[in-house]
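The structure appears below as structure tokens.
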Amino acid sequence: MLLEGKCIFGMSSTPNTQSVFTGKGSSADSIEPDQFLPVVQEVLSSTAFIDMHTHLFSPALGKLGLWGIDELVTYHYLEAEFFRSSSMTPEHYWALEKQQQADVIWRALFVENTPLSEATRGVVAALQAFGLPTDCADLKDARAFFAAQTLDDHIRRVFEMAGISAAVMTNDPLDPIEGPLWMKGLESEPRFQPVLRLDRILLGWSSHWQQLAAQGYEVDESASRESTSELRRFLVDWHVLMRPVYMAVSLPDLFQFPEPSILGKLLSEAVLPTCRELDLPLSLMIGVRKQVNPRIRLAGDAVGRADLRGLEHLCATYPDNRFLVSLLSRENQHELCVYARKFNNLMPFGCWWFLNNPSIVEEITRERIELLGTSFIPQHSDARVLEQVIYKWRNTRATLAPILSGSYRLLCRDGRAVRRQDIEHDVKRLFVSNFARWTNQEIN
Ligand code: FIX
Ligand code: ZN
């Protein structure tokens, strides 16, 4: 009960209240409710987060790492919006050079129309962050600015602006460019943590088993028993090569488990046992409907509500496996929170892809705090272009601040004082220690 804005914890007349709360949060260092928002904002901005899922790459992986204005403007989120605001056909668009693609998108979404969408505002925010004009007729100035940057310094500056200490990559061992780079041996880079992404293996076995065979693994098309033990050997070898912090796969909305399929078999006989053996979590990103419109390529994926009983079965049947789970469908979010209350080997993370919009992030995050306290990971950026982390994390901090301070106000109203160190602890847990603990990393 707030009295004239003052939290009366410790000073209430009812003796039992006092006795319950003695010793924690004496009023001396408790924060007044009208100060929660500025303190939470301060703590959010002074805590360096771990960005636990991105499509960024360390400099050692060369041109796989995307950065600069042309990549920002041709991000598939904007391509999807471009095809709604232009009569240009996808086929014509793909025939253009990268710079020409960026030019037509800039004209259609930023010159001929007001950049109001979350994705277009993101580009405006990135330009503003570097002090660049945001309303030019063309991209000449921006191109000149980015051309003048040296990558290593630029990465350091961007991570600082975004308030992240590390970005977790998405690394595909079967990618024709990336695979050979890892096999040659790559220096580890603390700012970029590797992840072993298994989509081609688990969802594309029929077209990719030969790649494993070519690398000397005795596998076959039907994924026989020997194939699954050979896949285990493959995963262990790549663990040595890459030192991934987790393994990951993006699964369709129709994902079922157990299922008499190659996916079901490879998961239960190879991936899950190897994750246990290597003490690595498995990240499941469920709910994508791949390529509903292949003409617009990466922008052509959609979302479907998933039946989560497969996830339930995985968590219940494999208690020694840890599952980092993000669901694409808004309609699945409540179930995910409830499953996380049933299974402590399930860590919900992020407001993925089409959910990464303030109105939806707010809804999902409030529900998660109410049902899970701080035992979840609120967000990941999914950045594909380096500078995207600047606006994606700025937006996350802006959305989270009123939600967190609102929760502290409720806690205070209910009779418990809140100190700065409580807020520091909670923010660190949400954006650093939950992930670090699940991936066996030192927490500084
Ligand atoms: O599967 C994934 O990791 C997705 O995040 C991507 O495939 C998707 O294209 C994306 O960039 C979402 O933000
Ligand atoms: Zn992703």
Side-chain angles (χ1 to χ4, degrees), residues 54-57 59 61-151 153-155 157-158 161-162 169-170 172 175-178 181 290-302 353-354 356-357 381-392:
T54 77
H55 298 270
L56 303 180
F57 293 93
L61 287 155
K63 291 225 168 315
L64 289 174
L66 306 179
W67 62 288
I69 191 63
D70 291 305
E71 298 298 344
L72 280 171
V73 174
T74 57
Y75 180 35
H76 69 83
Y77 289 31
L78 283 108
E79 288 173 333
E81 295 174 24
F82 169 71
F83 292 119
R84 294 189 54 71
S85 298
S86 166
S87 55
M88 182 182 286
T89 63
E91 292 67 29
H92 179 179
Y93 172 82
W94 299 121
L96 299 174
E97 292 301 319
K98 174 64 78 172
Q99 283 203 1
Q100 295 170 312
Q101 291 173 340
D103 288 341
V104 293
I105 293 181
W106 181 259
R107 195 168 324 117
L109 299 183
F110 295 84
V111 178
E112 292 163 0
N113 290 289
T114 312
L116 276 186
S117 72
E118 179 70 7
T120 51
R121 279 192 294 106
V123 175
V124 171
L127 290 170
Q128 185 210 38
F130 293 107
L132 294 164
T134 61
D135 54 359
C136 292
D138 61 45
L139 296 172
K140 284 198 195 65
D141 296 354
R143 283 194 183 114
F145 169 81
F146 286 102
Q149 307 308 307
T150 53
L151 184 54
D153 292 345
H154 190 53
I155 290 172
R157 186 174 175 205
V158 167
M161 293 160 89
M169 304 186 281
T170 297
D172 180 351
D175 178 276
I177 299 169
E178 186 175 5
L181 292 172
K290 281 280 177 196
Q291 297 296 279
V292 297
N293 180 358
R295 292 175 67 204
I296 58 176
R297 302 186 185 175
L298 263 182
D301 295 339
W353 202 343
F354 310 116
N356 192 0
N357 296 294
S381 73
D382 230 318
R384 280 183 175 272
V385 182
L386 177 67
E387 297 83 2
Q388 288 172 342
V389 290
I390 296 171
Y391 66 82
K392 289 186 183 236

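This structure is a prediction, so every number in the text was calculated from the model and none was measured. Computed from heavy atoms alone, side chains included, the values below leave out hydrogens, waters and symmetry copies.
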>> I'd like to know whether CD of Glu97 has more than 12 heavy-atom contacts from other residues, nucleotides or ligands below 6.0 angstrom.
In response: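 No - once you tally the heavy atoms of other residues, nucleotides and ligands closer than 6.0 Å, there are 12 at most.
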Could you measure the distance from the [atom1] atom of [X] to the [atom2] atom of [Y]? Nearest 0.5 Å is fine.
X: Leu181; Y: Asp175; atom1: CG; atom2: CG; result: 8.5 Å
X: His92; Y: Ser87; atom1: NE2; atom2: OG; result: 9.5 Å
X: Ile105; Y: Met88; atom1: CD1; atom2: CE; result: 9.5 Å
X: Leu96; Y: Glu91; atom1: CG; atom2: CD; result: 12.0 Å
X: Leu116; Y: Leu109; atom1: CG; atom2: CG; result: 11.0 Å
X: Thr170; Y: Phe57; atom1: OG1; atom2: CZ; result: 7.0 Å

Quick check: closest heavy atoms across [X] and [Y], and the distance to 0.1 Å?
X: Ala102; Y: Val73; value: O-CG1, 3.5 Å
X: Thr120; Y: Ser117; value: OG1-OG, 2.7 Å
X: Phe82; Y: Val104; value: CE1-O, 3.6 Å
X: Asn356; Y: Ser381; value: ND2-O, 4.3 Å
X: Phe130; Y: Val158; value: CZ-CG2, 4.0 Å
X: Val124; Y: Pro115; value: CG2-CG, 3.9 Å

> Does Glu118 come within less than 4.0 Å of Arg121, counting only side-chain N to carboxylate O?
Replying inline: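 Answer for the salt bridge query: yes.
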> Are the charged groups of Glu71 and Arg384 less than 4.0 angstrom apart, N to O?
Replying inline: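 No, this pair does not count.
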Less than 4.5 Å apart, side chain to side chain, heavy atoms only: is that true for [X] and [Y]?
X: Glu79; Y: Tyr93; answer: yes
X: Lys63; Y: Ile177; answer: no
X: Met169; Y: Leu56; answer: no
X: Arg295; Y: Thr89; answer: yes
X: Leu78; Y: Phe110; answer: yes
X: Asp103; Y: Asp138; answer: no
X: Phe146; Y: Leu132; answer: yes
X: Trp353; Y: Asp301; answer: yes

Mark yes or no for whether [X], through its side chain, and [Y], through its backbone, hold a donor-acceptor pair below 3.5 Å.
X: Thr54; Y: Asp382; value: no
X: Arg297; Y: Trp94; value: no
X: Asn113; Y: Ala108; value: yes
X: Glu387; Y: Gly68; value: yes

>> Quick one about Gln101 and Thr74 (side-chain donor to acceptor, distance below 3.5 Å, no hydrogens or angles considered), yes or no?
In response: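 Result is no, nothing qualifies.
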